[in-house]
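This report concerns only the one structure given below.
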Amino acid sequence: MDYNKLAELLFPHITKTPEDYEALYPERQLPEGAKVTRLGPSPTGFIHLGNLYGAFVDERLAHQSGGTFFLRIEDTDDKRYVEGAVEIIINSLRFFGINFDEGATMEGDMGSYGDYTQSNRGEIYQCFAKKLVSEGKAYPCFLTEDQIAEIRCQQEAMKLTPGIYCQFAKCRVLTYEQIEENIKAGMPYVIRLKSDGDMSLPEEQRRRIHVQDAIRGILDMPANDQDTVILKATGIPTYHFAHVVDDHLMRTTHVVRGAEWLPSLPIHVELFEKLGWEPPIYCHTAQLMKLDEEGNKRKLSKRKDPELSLDYYRNQGYHPAAVREYLLTILNSNFEEWRIANPDADIDEFEFTTEKMSTSGALFDLNKLNDISKDVLLKISAADLFDFLKNWAAEFKPEIMHMFDDRAYLEKILDIGRDGAKPRKDHIYAQQMVENISYFFDDMFKIEDSFPAEVEAAGDTAAILTKYLETYDHSDDQETWFNKIRAITEELGYAVKPKDFKRNPDQYKGHVGHVSTVIRVALMGRQQSPDVWEIQQILGEERTRERLSRFI
RNA sequence: GGCUCCAUGGUCAAGCGGUCAAGACACCGCCCUUUCACGGCGGUAACUCGGGUUCGAUUCCCGAUGGAGUCACCA
């Protein structure tokens, strides 16, 4: 068989050579140790936390080392394409602080290693497929779907590994004339890799590959033995081929991808070998998991877990800094420790390493995210919090935009109890914050909690509020204000010190806490809130008196 | 089913042959306190099992079990 002739028959329109492309995309001129990473999403327009998790690794690796991080659109499956997906991907990631140096953008490509959209790279893939054919390392395969299914049936009956390989790769043995005839007859065909794997050998004698993974150490697995499709009947490459060609030509140094790619790693290794290229360093990340209904761990799924969509977090109003902080704590086991030691350091000062990444899948933990978010938001100024909230509301809750009419008012609210050595940690995410402070706005104010049972039992609710209102002076300082409450407490037969009440519950109707709670419920509608005096100062005298009067 | 990956408390995790087996979140209790928080102190709770190797295994090897992933002209 004259493979060169076959290559010309198959790819008459390909005139460029591999050397042309090598010259077009030379080695990158980067500082020593600089890493080149890429994100290769398929344009389904859906990104979830798992994608962000991986993107974060790419971003850190590249930007920490003075390297390059680029975006490549992997749209070799036209069935998946969703209009506007590129925009969604870029914007979503940007929101969470992930920015690309190179690659596809809304305005077209940026960078000199393009095209960055796989569907535009047809000729490149075909050029390298042609090279493989011309060297006898790949061949056209005319097997139909039915024929492949039949082969599979036979294999199952014989208890053999299913797939196209060795003697089952029937098109391997086609002569030039047969191929030419098939093509003339218009038969569709794919290009398959002619694998070196020999399934007739006993398992112990089959070749194994050893790949150094930056996260998992040395991977020892059987070499590929399948004649994997590299070019589909449409001339478009499969993921495997596109990955190898692109990451070589785009000079990617580190390929970060989920562990679900581990089983196909041998294919990629063989492809790199056959093409005569040095493979990149692989970083197979553990999957982010979720607990399913039966209580089992399972990989995050696009279809089943819409609440893990990135949009969900934007919707809820999680601050991007909090999400970043959370992701880093599950990404690098030493981050949490570092953060405790460096509470005020910029997150980018943390040295991220693949070695500190976990190899087992972590369960997504909302509790932890919330806890981290509290600390992160504490460090954000009221002014910035105001802007963040306003932007969020504009997008997701336009009906509350009036909250932002009085900037000084809202900023004071957001800052309640946040100063001092033991600041409050009330803020978690936008949605929750709005609910939390809603009583500051008359249209959202409502009585949500009941008055304390002790006071209700004694029938003192109105009495407490009446006396409180009578003695109320808006200009009182905090101490004077509280002394008045003490006076009311004593007067009505409640304990001024909660301890006294605890020791002698029979001697009092309740304690000062119960009295305060009455005021709290009347003013805020809830039993829980920050300091009452502080809130009254923000609420203003008029509103305070008005709310108290309602119960008299 | 074949292949691959993974295996320390409810969750995330330190550990890399000798530890009373860290820490964080969650939970519980106490303290502080005008409520709620915040904070402080304390507590419940773990090396999947079985064989080796070794003076000694959570740690190394093998096997089992369990969980996950993957077996496409999808990525």
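Throughout, a chain's letter reflects where its sequence line sits, starting with A, and its residues are numbered from 1.
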(message) Tell me whether the count of non-hydrogen atoms from other residues, nucleotides or ligands lying under 6.0 Å of CD in A/E337 goes above 12.
(response) no
(message) Under 4.0 Å, counting only non-hydrogen atoms across every strand here, what does A/R216 touch: a base, just sugar-phosphate, or nothing?
(response) sugar-phosphate
(message) Counting only heavy atoms from other residues, nucleotides and ligands, does the tally under 6.0 Å from NZ of A/K497 exceed 12?
(response) no
(message) Starting the side chain at C-beta, find the nucleotide from B/C38, B/C25, B/G23 nearest to A/E336.
(response) B/G23
(request) In whole angstrom, give the distance that lies between atom CG of A/N367 and atom P of B/U11. (result) 13 Å
(message) Can you measure A/E448 atom CD to B/U35 atom P for me and round it to whole angstrom units?
(response) 21 Å
(request) Note every stem involving RNA chain B: at least three consecutive Watson-Crick or G-U wobble pairs, i with j then i+1 with j-1, with both distances under 3.5 Å. (result) B:1-7 with B:65-71, B:10-12 with B:23-25, B:27-31 with B:39-43, B:48-52 with B:60-64
(request) Starting at atom CD of A/E145, determine the distance to atom C1' of B/C74, rounded to an integer number of angstrom. (result) 14 Å
(message) Using a heavy-atom cut-off of 4.0 Å across all strands, would you classify A/W533 as base, sugar-phosphate, or nothing?
(response) nothing
(message) Under 4.0 Å, heavy atoms only, any strand: does A/S529 hit a base, just the sugar-phosphate, or nothing?
(response) base
(request) Would you kindly give the CG-to-P distance between A/L262 and B/C6, to the nearest whole Å? (result) 8 Å
(message) For B/A13 and A/K356 - does any side-chain N or O of the residue sit under 4.0 Å from the phosphate oxygens OP1/OP2?
(response) no
(request) Report yes if a donor N or O on one partner sits less than 3.5 Å from an acceptor N or O on the other, where the partners are the side chain of A/T517 and the base of B/U35; otherwise report no. (result) no
(request) Can you establish whether the number of heavy atoms outside A/L366 located under 6.0 Å from its atom CG is more than 12? (result) yes
(request) Quick one: label A/V190 by what it contacts on the DNA or RNA (base, sugar-phosphate, nothing), any heavy atom closer than 4.0 Å. (result) base
(request) Identify which nucleotide among B/U34, B/C12, B/C38 has an atom closest to any side-chain atom of A/I330, counting heavy atoms from C-beta outward. (result) B/C12
(message) Heavy atoms from C-beta onward define the side chain here; which of B/G39, B/A75, B/C73 lies closest to that of A/R192?
(response) B/C73
(message) Ring-plane angle category for A/H240 and A/H268, please: parallel below 30°, perpendicular beyond 60°, tilted otherwise.
(response) tilted
(request) Answer with base, sugar-phosphate or nothing: what part of the nucleic acid does A/Q155 contact at a heavy-atom distance below 4.0 Å? (result) nothing
(message) Tell me whether A/F482 and B/U34 count as stacked here, given that the ring centres must be under 5.5 Å apart and the planes must differ by less than 30 degrees.
(response) yes
(message) Is it the case that over 12 heavy atoms from other parts of the model lie below 6.0 angstrom from the CD atom of A/E145?
(response) no
(message) With a 4.0 Å cutoff (strictly under), does any side-chain N or O of A/K374 reach OP1 or OP2 of B/A24?
(response) no
(request) Tell me whether the guanidinium CZ or amine NZ of A/R324 lies under 6.0 angstrom from the six-membered ring centre of A/F56 and within 45° of its axis. (result) no
(message) I want to verify a distance call: between B/C38, B/U34, B/C12, whose nearest atom is closest to the A/L363 side chain?
(response) B/C12
(request) Let me know the distance between CD of A/Q528 and C1' of B/U34, rounded to the nearest Å. (result) 15 Å
(request) With heavy atoms under 4.0 Å as the rule, sort A/T489 into base, sugar-phosphate or nothing. (result) nothing
(message) Side chain of A/A233, heavy atoms from C-beta onward: which of B/C73, B/C38, B/U4 has the nearest atom to it?
(response) B/C73
(request) Could you please name the option among B/C32, B/A13, B/C6 that lies closest to any side-chain atom of A/T359? (result) B/C6
(message) Applying a 4.0 Å non-hydrogen cut-off, can you work out what A/E74 is touching in the nucleic acid: base, sugar-phosphate, or nothing?
(response) sugar-phosphate
(request) Using the C1' atoms only, state how far B/C20 lies from B/C62, rounded to an integer number of Å. (result) 32 Å
(request) Identify, between A/I164 and A/A421, the residue whose nearest nucleotide on RNA chain B lies closer to the 5' end. (result) A/A421
(message) Any base atoms under 4.0 Å from A/K368, or only sugar-phosphate, or nothing? Heavy atoms, all strands.
(response) base
(message) Say we look at B/A57 and B/A45: how far apart would their P atoms be, to the nearest angstrom?
(response) 25 Å
(request) Please check the phosphate of B/A72 (OP1 and OP2 only) for any side-chain N or O of A/T238 closer than 4.0 Å. (result) no
(request) Tell me what A/L143 touches on the nucleic acid: a base, only sugar-phosphate, or nothing, going by heavy atoms under 4.0 Å. (result) base
(request) Spell out yes or no: do the side chain of A/R424 and the base of B/C36 have one donor N/O and one acceptor N/O closer than 3.5 Å? (result) yes
(request) Return yes when atom NZ of A/K502 has more than 12 non-hydrogen atoms of other residues, nucleotides or ligands closer than 6.0 Å, and no otherwise. (result) no
(message) Rounding to an integer number of Å, can you tell me how far A/L265 CG sits from B/C5 C1'?
(response) 12 Å
(request) Map A/P222 and A/P237 onto RNA chain B by nearest heavy atom, then report which one ends up closer to the 5' terminus. (result) A/P222
(request) Using a cut-off of 6.0 Å, state whether more than 12 heavy atoms not belonging to A/E123 lie near its atom CD. (result) no
(message) Whole angstroms only, please: what is the NE2-C1' distance between A/H240 and B/A72?
(response) 9 Å
(message) Within the 3.5 Å criterion, strictly below it, is a donor on A/S529 or A/R520 matched to an acceptor on the partner's side chain?
(response) yes
(request) State which of B/U4, B/U11, B/U70 makes the closest approach to the side chain of A/E260. (result) B/U70
(request) Answer with base, sugar-phosphate or nothing: what part of the nucleic acid does A/R257 contact at a heavy-atom distance below 4.0 Å? (result) nothing
(request) Give a yes or no answer on whether the side chain of A/T480 reaches the backbone of A/D476 with a donor-acceptor pair at less than 3.5 Å. (result) no
(request) Would you mind classifying the nucleic acid contact of A/K484 as base, sugar-phosphate or nothing, using non-hydrogen atoms under 4.0 angstrom? (result) nothing
(message) For B/U33 and A/K497 - does any side-chain N or O of the residue sit under 4.0 Å from the phosphate oxygens OP1/OP2?
(response) no
(message) Would you measure the distance from the P atom in B/C25 across to the matching atom in B/G40 and give it in whole Å?
(response) 9 Å
(message) Nearest to the side chain of A/S360, heavy atoms from C-beta on, is which of B/U11, B/A7, B/A14?
(response) B/A7
(message) What is the separation between atom CE on A/M524 and atom C1' on B/A37, rounded to the nearest whole Å?
(response) 13 Å
(message) Between A/D460 (side chain only) and A/A463 (backbone N and O only), is there a donor and an acceptor less than 3.5 Å apart?
(response) no
(message) Under 4.0 Å, counting only non-hydrogen atoms across every strand here, what does A/P188 touch: a base, just sugar-phosphate, or nothing?
(response) nothing
(message) Over all strands shown, is A/R152 touching base, sugar-phosphate only, or nothing at heavy-atom distances under 4.0 angstrom?
(response) sugar-phosphate
(request) Determine the contact category for A/D531: base if any of its heavy atoms lies under 4.0 Å from a base atom, sugar-phosphate if only primed atoms, P, OP1 or OP2 are that close, otherwise nothing. (result) base
